[in-house]
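Only this structure's heavy atoms are used, side chains among them; waters, hydrogens and symmetry mates stay out.
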Protein chains: 2
Amino acid sequence: MTQMNLKRLSYFIAVAEEMHFGRAAERLGMAQPPLSRQIQQLEQETGAALFNRGRSAITLTQAGTRLYERGRDVLEQIEDIQLEVRRIGQGAEGRLRIGFVGSSSYGILPNIIKSFRANFPAVNLNLSPMNNAQLFRALIRREVDVAFARPALEDPEFVTRKLSEESLVVAMPDTIDIPARKTVNLADFQDHTFVLYPEFPRPSYADFILELCEAQGLDIESRIYAMDLQTALSLVAIGEGLCIVPESVSSAPRNGIRYHRIEPPIGATALSVNYRIDEQGVHVHKFVKMAQDVARKLV
Amino acid sequence: MTQMNLKRLSYFIAVAEEMHFGRAAERLGMAQPPLSRQIQQLEQETGAALFNRGRSAITLTQAGTRLYERGRDVLEQIEDIQLEVRRIGQGAEGRLRIGFVGSSSYGILPNIIKSFRANFPAVNLNLSPMNNAQLFRALIRREVDVAFARPALEDPEFVTRKLSEESLVVAMPDTIDIPARKTVNLADFQDHTFVLYPEFPRPSYADFILELCEAQGLDIESRIYAMDLQTALSLVAIGEGLCIVPESVSSAPRNGIRYHRIEPPIGATALSVNYRIDEQGVHVHKFVKMAQDVARKLV
DNA sequence: ATGCTTCGATACCTTTAGGGTATGGAGCGC
DNA sequence: GCGCTCCATACCCTAAAGGTATCGAAGCAT
């Protein structure tokens, strides 16, 4: 005996609603005899009579009544499941886990998020700030779907897209006297304390900055390490030292900190989106595409 | 495209649980290639990828995860529905509406109910006291499934089974002086008031009693009508008159009433079970069979 | 690297569930 | 009693689903 079958169930529902085999068959777009047979088979399967076949009318038995109530419900659920699954598959619903470096939250990230939310309101966004090393691990372990890293995460398992290149600026305590000119030269800071982040794991953004300074002939003697950008800025704000950060950070003014362009420019840093090379999720691809669009418009 | 199908869904569940097409196929007792195809078709139907087919392992997509959660639930529901429907069909569950004349509640009816409840605890019994005329209407209108009537309900639409025949006794107020002998003769009551029930609709049990008296040459002058047995007994208890009732009524003693056998016997009354000739419900047939069994044992 | 193994996909054939047409048979109304 | 309605039965045919053989890509060990 074949197992319970949705087709049969919906046939039964139709007959139960029409209370008439002929009309039900018409509504189902089929001939009456096969419909009769399907109902008989359903009755065999369940081991219960579903209809009282009276002389001039059919009625539902108690078993039939119950099957109608619950069967209808199940059919509706299945309709709904199909819709939901399709929507998730097309990226219109579901979940997207995003990891990002702290500095990206000053620049285009908020715009990207806003834009994505506007187009896919049903996608549940999960945002986690991390440093580059954490991003790498999280992406490998599939704990995030997309990572905003600085610089790009290099790995054969990843796909990387550069979003924007920013020049570097210096964040310094407003207690330090500076020359009147708007721009500063790296050489001016020979004897100042530098706030760097993160200390571990290496190599990190700290090493990138140190290399740049070295290339400029600058030998930094006094260094403090912070765990992340936020902490570093706090240290700057209380006058512990100065810190070299991406330009976009300066767009959010902060008490106790002044930002200055470095002239001549000493280098640039690129924000990138990264995702797994075997990524199947449609959300991810749509999100990355949208991120690139937003970045292009903002430049 | 064929519609969503339970077989496919359960195949998907199996693959999702095994995370391996080969093992899933084995568990399902089929070959691997058709299973792969069914999953592909399911993916087409839903319009969403369900598995990430990685090099060395498969994983569920978000859409697949959701389909698994909800699909499992639906399959379980369907299992459960089938069980429930089968049980109802076999009379092990469901509802049975019973109508009965008041006098039957003194005799075997309680035993029948008790016995049925013991064997079919999941059947919901619905008990309604009525007089014979109401029973007739209720059975015609399918408001009850089974009727305990006295005497039998005669109609081509009904099936009738006699349960037990009882002799008649007289219920009299204990304020009346009676001869010392245990049994009484109808002629003794020539001048007493008779309590009869019900007055409408006619003919009723009242007419049955009047005919019996007439046959005995008794001409009752003083009559009071009550709506039912209970009311009649109340009238007897306060001394309004006497009443002729089935013997089983005397098994429940009542303050103010004494019962006496009538000698010589003047007639008998039969309790019957009645149900529709087109009755399909398995409960009903099982119930009637059981009622007859109980009646046979109690005689 | 190179062959071996694993695992899902593809190709092709066979089986069978399910649908169609024609017809039977019971009940109801004129 | 004749015809009409309505569900069931009989028989055929199509197409969906299963089986076997084989491919092709990836991982692993030698």
Side-chain angles (χ1 to χ4, degrees), chain A residues 1-46 48-61 64 75 140 155-157 276-280, chain B residues 1-46 48-61 64 78 156-157 276-280:
Chain A
M1 191 165 320
T2 62
Q3 77 151 350
M4 173 75 125
N5 170 313
L6 285 190
K7 209 187 308 194
R8 275 210 258 277
L9 184 56
S10 59
Y11 288 176
F12 166 73
I13 300 291
V15 177
E17 282 173 354
E18 298 291 344
M19 280 309 197
H20 190 287
F21 280 75
R23 275 197 302 277
E26 192 180 357
R27 169 171 140 189
L28 292 167
M30 68 189 288
Q32 169 263 319
L35 177 58
S36 283
R37 253 190 334 200
Q38 293 299 327
I39 301 295
Q40 287 174 41
Q41 293 191 14
L42 187 63
E43 286 180 317
Q44 281 200 357
E45 274 168 27
T46 55
L50 300 174
F51 291 103
N52 298 314
R53 285 140 170 106
R55 329 125 237 265
S56 65
I58 56 175
T59 56
L60 282 169
T61 61
L75 288 181
I140 286 285
D155 194 281
E157 286 287 306
R276 289 183 297 274
I277 200 168
D278 64 351
E279 178 64 55
Q280 304 288 325
Chain B
M1 190 164 320
T2 62
Q3 81 152 344
M4 173 74 127
N5 168 313
L6 284 191
K7 210 187 305 195
R8 276 211 257 276
L9 184 57
S10 59
Y11 288 177
F12 166 75
I13 300 291
V15 177
E17 282 174 354
E18 298 290 343
M19 279 310 196
H20 191 287
F21 280 74
R23 276 198 301 279
E26 191 180 358
R27 170 172 139 187
L28 292 167
M30 68 189 290
Q32 169 263 318
L35 177 58
S36 282
R37 253 187 330 182
Q38 293 301 325
I39 300 296
Q40 288 175 42
Q41 293 192 16
L42 187 62
E43 287 180 317
Q44 281 200 358
E45 274 169 28
T46 55
L50 300 174
F51 291 103
N52 299 315
R53 283 140 171 106
R55 323 138 236 270
S56 66
I58 57 175
T59 57
L60 282 170
T61 61
I78 287 180
E157 285 287 304
R276 287 183 297 274
I277 200 168
D278 63 351
E279 178 63 55
Q280 304 288 326

To the nearest angstrom, how far is [X] atom [atom1] from [N] atom [atom2]?
X        : N      : atom1 : atom2 : value
B/Gln41  : D/dG18 : CD    : C1'   : 12 Å
B/Gln44  : C/dA9  : CD    : P     : 13 Å
B/Glu18  : C/dC7  : CD    : P     : 12 Å
B/Leu28  : D/dG18 : CG    : C1'   : 13 Å
B/Leu42  : C/dA9  : CG    : C1'   : 17 Å
B/Met4   : D/dA17 : CE    : P     : 13 Å
B/Glu26  : C/dT6  : CD    : P     : 14 Å
B/Ile277 : C/dG27 : CD1   : P     : 12 Å

Touch class at under 4.0 angstrom, heavy-atom based, for B/Phe51 against every strand present: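 Since no nucleic acid heavy atom lies under 4.0 Å of B/Phe51, the category is nothing.
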
A/Gln38, nearest nucleotide to its side chain (from D/dG18, D/dT20, C/dG19):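 For A/Gln38, the side-chain atoms sit closest to C/dG19.
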
Within the sub-3.5 Å range, which N or O atoms of nucleotides 7-9 of chain D have a protein N or O partner, and how far apart are they?
from	atom 1	to	atom 2	distance (Å)
D/dC7	OP1	A/Phe21	N	3.3
D/dC7	OP2	A/Phe21	N	3.4
D/dC7	OP2	A/Gly22	N	3.2
D/dA8	OP1	A/Arg53	NE	2.3
D/dA8	OP1	A/Arg53	NH2	3.4
D/dA8	OP2	A/Ser36	OG	2.8
D/dA8	N7	A/Gln32	NE2	3.0
D/dA8	N6	A/Gln32	OE1	3.4
D/dT9	OP2	A/Gln40	OE1	3.2
D/dT9	OP2	A/Gln40	NE2	3.4

For [X] and [Y], work out which heavy atoms get closest and say how close.
X       : Y       : value
A/Leu35 : A/Tyr11 : CD1-CB, 3.6 Å
B/Met4  : B/Glu45 : CA-OE1, 3.5 Å
A/Phe12 : A/Ile39 : CA-CD1, 3.6 Å

Heavy-atom side-chain contact between A/Leu60 and A/Met19 under 4.5 Å: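 They are in side-chain contact.
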
Test item: A/Val15 and A/Ile58 side chains (from C-beta on) under 4.5 Å apart, heavy atoms: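 A side-chain contact under 4.5 Å exists here.
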
Whether A/Glu43 side chain and A/Leu50 backbone form a donor-acceptor pair below 3.5 Å: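 Yes, A/Glu43 side chain to A/Leu50 backbone: donor-acceptor pair under 3.5 Å.
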
Under-4.0 Å side-chain N/O to phosphate OP1/OP2 contact, B/Asn5 with D/dA16: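 No, outside the criterion.
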
C/dG19 phosphate, OP1 or OP2, under 4.0 Å from A/Lys7 side-chain N/O: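 Looking at the OP1 and OP2 atoms of C/dG19, one of them is under 4.0 Å from a side-chain N or O of A/Lys7.
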
Please set out all donor-acceptor pairs under 3.5 angstrom arising from side-chain atoms of residues 22-34 of chain B, sequence neighbours excluded.
from	atom 1	to	atom 2	distance (Å)
B/Arg23	NH2	B/Glu18	O	3.2
B/Arg27	NH1	B/Glu17	OE1	3.3
B/Arg27	NH1	B/Glu18	OE2	3.0
B/Arg27	NH2	B/Glu17	OE1	2.6
B/Gln32	NE2	B/Ser36	OG	3.0

